[in-house]
Colleague: 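Would you mind keeping the following structure in view while I ask a few things?
So that the names make sense, note that chain A is the first sequence line, chain B the second, and so on, each numbered from 1.
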Amino acid sequence: MTDPKETINIENVVASTGIGQELDLQSVAMDLEGADYDPEQFPGLVYRTQEPKSAALIFRSGKIVCTGAKSTDDVHESLRIVFDKLRDLNIQVNEDPEIVVQNIVTSADLGRNLNLNAIAIGLGLENIEYEPEQFPGLVYRLDEPEVVALLFGSGKLVITGGKKPEDAEHAVDKIVSRLEDLGLLE
Amino acid sequence: RLRKWQERIRTKDAGERNLQFALSETDRMASALGVPRSVREVASVIYRRALNEDLIRGRSIEGVATSCLYAACRQEGIPRSLEEVSEVSRVEQKEIGRTYRYISQELGLRMEPVDPKEYVPRFCSELGVSEEVEMKAKEIIDVTAEKGLLSGKSPTGFAAAAIYAASLLCNEKQTQREVASVAQVTEVTIRNRYQEQIEAMGIQ
DNA sequence: GCTTTAAAAAGTAACGT
DNA sequence: ACGTTACTTTATAAAGC
């Protein structure tokens, strides 16, 4: 029926970048409204953007991690806001800092209930982790693309560890064909 | 030369002492859990394999020993839940679970998911119900697991619900509270699994 | 190894009402 | 018996302990 690929939804994108300048986080924390900075707890300063919604972790070295965005475009938009906020504080920020996507978290739906016990045996107990006493999802690590999939009894799944949106599509394709080969879909 | 020799002996002695400690801890925990000697032997074999594969580095000896015992109980078909195992260990449940998954992966133990039926005899005897209830509970587990209800569910909660349902069907009613207590799950979990199971069984 | 941040999946638990 | 909140799992960068 529904192509599982069409149910793919990006839930979170993690990216890293840097302004090419060292920062005095103590003063940034004073001047930047909404900034959370507790060096005893964590060396990074936390700054949240509202639209697009994301959280930026800003470090003394000038390196920044952005997480929580729903697309790579949102990551760029969020970081543009962060860069401008820093510029407002008279902090030098490189023209177009390189932004590297480090992880994309995706959800999808295979549209059928899954017998995780059968899938665990079918995929090979040495290739999966399935401990329903600890977590309801079956953990399946793929080599190509290099991502990790969490499969649930409902047929829904989570793909994480990818760096490109296509990684999730390829992963879903491989999982679907693998389960079909095993006769474990539907 | 002499120094190197002494160091080697010191290391060997420390290693021996650590192994002795691990095995005596395994013995103590196994006794507390009331598992047969065969399980302790399986646990010690797994522990020695982990030791040979250098999997203990960076982990506590007791954490590894506890995880090996947990794995051994499962391999022998008389599982103890992580909660039960953690009660006789000084290592916290989360760490035992983590270490178990690591050891299981690295040693290629190919552990199968726990069959809820394996909890039924022990839970039933603790409740003091008849063999009829025990058989009925196992039947409920087989039928409902076959229909796909087991995916992602905790084995203890699934077993507890089936025992509760069986006790009702056999007119030997146990309260949800009593069953929850022996299985160490909440009444809410028993209620949720029970509803799904009786619906799948086509009862009432 | 840990600390922090975000997000999904589904199960379980512990609160309060 | 509800409802809410929060924890479990996966990946990932950052700096420091």
Side-chain angles (χ1 to χ4, degrees), chain A residues 7-18 22-23 25 36-49 52-71 74-75 78 99-110 113-114 116 128-142 145-163 167-168, chain B residues 57-60 81-83 93-95 97-98 101 150-158 160 176 180 183-193 196:
Chain A
T7 69
I8 293 179
N9 191 29
I10 293 178
E11 306 289 353
N12 184 22
V13 178
V14 182
S16 59
T17 186
E22 291 237 335
L23 289 168
L25 295 183
D36 287 341
Y37 181 49
D38 182 359
E40 302 278 283
Q41 194 174 63
F42 188 68
L45 178 154
V46 181
Y47 180 73
R48 285 160 227 273
T49 61
K53 192 182 169 200
S54 76
L57 307 179
I58 305 172
F59 297 87
R60 183 186 47 79
S61 63
K63 292 190 175 180
I64 300 174
V65 170
C66 178
T67 184
K70 293 283 185 194
S71 68
D74 281 356
V75 165
S78 292
I99 295 171
V100 181
V101 174
Q102 303 287 356
N103 182 27
I104 297 180
V105 183
T106 301
S107 65
D109 190 352
L110 299 182
N113 288 338
L114 301 177
L116 298 183
I128 60 94
E129 257 188 80
Y130 177 47
E131 292 293 333
E133 183 183 349
Q134 299 186 54
F135 186 69
L138 182 152
V139 183
Y140 184 38
R141 286 159 205 279
L142 311 218
E146 198 176 322
V147 299
V148 173
L150 307 179
L151 307 179
F152 296 87
S154 63
K156 292 190 175 170
L157 63 150
V158 170
I159 308 279
T160 186
K163 296 211 181 314
D167 289 343
Chain B
R57 193 174 294 176
R59 261 164 268 271
S60 75
S81 68
L82 284 172
E83 188 174 346
Q93 187 177 326
K94 190 173 164 183
E95 178 61 20
R98 252 184 224 189
R101 279 181 282 148
L150 182 54
S151 285
K153 290 359 182 285
S154 98
T156 49
F158 207 82
Q176 292 179 1
Q184 293 187 291
V185 296
T186 64
E187 294 164 69
V188 177
T189 295
I190 292 190
R191 233 173 275 136
N192 292 337
R193 296 305 133 247
E196 294 174 354

Colleague: Test side chain to side chain contact (heavy atoms under 4.5 Å, CB included) on A:Leu23 and A:Ile58 and set out the steps.
Modeller: CA-CA 9 Å; A:Leu23 289 168; A:Ile58 305 172; 3.5 Å; yes
Colleague: How is A:Val158 classified with respect to the nucleic acid when contacts are heavy atoms under 4.0 Å: base, sugar-phosphate, or nothing?
Modeller: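 Contact class for A:Val158: base.
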Colleague: Just to be sure I understand the rule, does A:Gly44 reach a base, reach only the sugar-phosphate, or reach nothing, if contact means heavy atoms closer than 4.0 Å?
Modeller: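 Since no nucleic acid heavy atom lies under 4.0 Å of A:Gly44, the category is nothing.
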Colleague: Using atom P of each nucleotide, how far apart are C:dT3 and D:dC7 to the nearest Å?
Modeller: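 About 12 Å, rounded to a whole number of Å.
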Colleague: Carefully, step by step, assess A:Val46 and A:Leu57 under the rule side chain to side chain contact (heavy atoms under 4.5 Å, CB included).
Modeller: CA-CA 5 Å; A:Val46 181; A:Leu57 307 179; 3.7 Å; yes
Colleague: Report yes if at least one side-chain N or O of B:Arg191 is closer than 4.0 Å to OP1 or OP2 of D:dC2; otherwise report no.
Modeller: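 False: B:Arg191 side-chain N/O out of range (4.0 Å or more) of D:dC2 OP1/OP2.
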Colleague: Is the distance from OP1 or OP2 of C:dT12 to the nearest side-chain N or O of B:Ser154 less than 4.0 Å?
Modeller: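 It does, given that an N or O in the side chain of B:Ser154 lies less than 4.0 Å from OP1 or OP2 of C:dT12.
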Colleague: Across all strands, who's sitting opposite D:dC2 as a Watson-Crick or G-U wobble pair, both distances under 3.5 Å?
Modeller: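 Pair assignment: D:dC2 / C:dG16.
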Colleague: Taking OP1 and OP2 of C:dT4, is either one under 4.0 Å from a side-chain nitrogen or oxygen of A:Arg48?
Modeller: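 Answer no for this pair, as no side-chain N or O of A:Arg48 is under 4.0 Å from OP1 or OP2.
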Colleague: Would you mind telling me which residue lines up with the more 5' stretch of DNA chain C, A:Val105 or B:Arg59, judged by nearest nucleotide?
Modeller: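 Comparing both residues, the 5'-ward one is B:Arg59.
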Colleague: Whole angstrom is fine here: how far is it from CZ in B:Arg101 over to C1' in D:dT9?
Modeller: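 Atom CZ in B:Arg101 sits about 7 Å away from atom C1' in D:dT9.
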Colleague: Grab the NZ-P distance between A:Lys53 and C:dA7 for me, whole Å please.
Modeller: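 Those two atoms, NZ and P, are 4 Å apart.
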Colleague: With nearest nucleotide decided by heavy atoms, which residue, A:Gly62 or A:Gly162, maps closer to the 5′ end of DNA chain D?
Modeller: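 The residue whose closest nucleotide sits nearer the 5' end is A:Gly162.
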Colleague: So A:Asp167 and A:Ile159, side chain to side chain contact (heavy atoms under 4.5 Å, CB included) or not? Walk me through it.
Modeller: CA-CA 9 Å; A:Asp167 289 343; A:Ile159 308 279; over 6 Å; no
Colleague: What's the closest nucleotide to the B:Lys153 side chain, out of C:dG11, D:dA15, D:dT9?
Modeller: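 Comparing C:dG11, D:dA15, D:dT9 against the side chain of B:Lys153, the answer is C:dG11.
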Colleague: Whole Å only: how far is the CG atom of A:Leu23 from the P atom of D:dA15?
Modeller: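 Between P of D:dA15 and CG of A:Leu23: 11 Å.
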Colleague: Measure CZ/B:Arg193 against P/C:dG11 and give the value in whole Å, please.
Modeller: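 Spelled out: CZ on B:Arg193 to P on C:dG11 is 6 Å.
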Colleague: Please state how far atom CD in A:Glu11 lies from atom P in C:dA10, giving the value in whole angstrom units.
Modeller: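 Roughly 11 Å, once rounded to whole Å.
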Colleague: To the nearest Å, give me how far apart CG (A:Leu150) and P (C:dG11) are.
Modeller: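 That distance rounds to 14 Å.
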Colleague: Taking only N/O atoms, report every protein-nucleotides 13-17 of chain C pair under 3.5 Å with atom names and distance.
Modeller:
| from | atom 1 | to | atom 2 | distance (Å) |
| --- | --- | --- | --- | --- |
| C:dA13 | OP2 | B:Thr186 | N | 3.1 |
| C:dA13 | OP2 | B:Thr186 | OG1 | 3.1 |
| C:dA13 | OP2 | B:Thr189 | OG1 | 2.7 |

Colleague: Expressed as a whole number of Å, how far does the P atom of D:dT9 sit from that of C:dC2?
Modeller: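 Rounded to whole Å, the distance is 10 Å.
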Colleague: Taking the P atom of each, how far is C:dT5 from D:dA6, in whole Å?
Modeller: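 Result for the P pair: 13 Å, nearest Å.
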Colleague: Any side-chain to backbone donor/acceptor pair from B:Ser151 onto A:Gly153? Under 3.5 Å, distance only.
Modeller: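 Between the backbone of A:Gly153 and the side chain of B:Ser151 there is no qualifying donor-acceptor contact (under 3.5 Å).
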Colleague: Who are the side chain to side chain donor-acceptor pair (under 3.5 Å) partners of A:Gln102, not counting sequence neighbours?
Modeller: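 Once residues adjacent in sequence are excluded, the partners of A:Gln102 under the side chain to side chain donor-acceptor pair (under 3.5 Å) criterion are A:Ser16.
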Colleague: Return the nearest nucleotide to the side chain of A:Ser154; candidates are D:dA11, C:dA9, C:dA6.
Modeller: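 Per side-chain heavy atoms of A:Ser154, the pick is C:dA9.
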Colleague: At their closest point, which heavy atom of B:Ser81 faces which heavy atom of B:Gln184, and how far apart are they?
Modeller: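 That closest heavy-atom pairing would be OG-OE1, 4.4 Å.
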Colleague: Round to the nearest Å and state the distance from B:Asn192 atom CG to D:dG3 atom P.
Modeller: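 It works out to 12 Å between those atoms.
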Colleague: Could you tell me whether B:Arg57 contacts a base, only the sugar-phosphate backbone, or nothing, with contacts defined as non-hydrogen atoms closer than 4.0 Å?
Modeller: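 Nothing, no nucleic acid heavy atom in range.
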Colleague: Check the interface with nucleotides 12-14 of chain D: list each N/O to N/O pair with the protein under 3.5 Å, or write none.
Modeller:
none

Colleague: Searching all strands shown, indicate the nucleotide that pairs with D:dA11 (Watson-Crick or G-U wobble; both distances under 3.5 Å).
Modeller: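 Across all strands, not a single nucleotide pairs with D:dA11.
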Colleague: Tell me: CG of A:Leu157 to P of D:dA11, nearest whole Å?
Modeller: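 Nearest whole value for this atom pair: 16 Å.
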Colleague: Does C:dG1 have its OP1 or OP2 closer than 4.0 Å to a side-chain nitrogen or oxygen of B:Arg98?
Modeller: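 B:Arg98 to C:dG1 OP1/OP2: no side-chain N or O under 4.0 Å.
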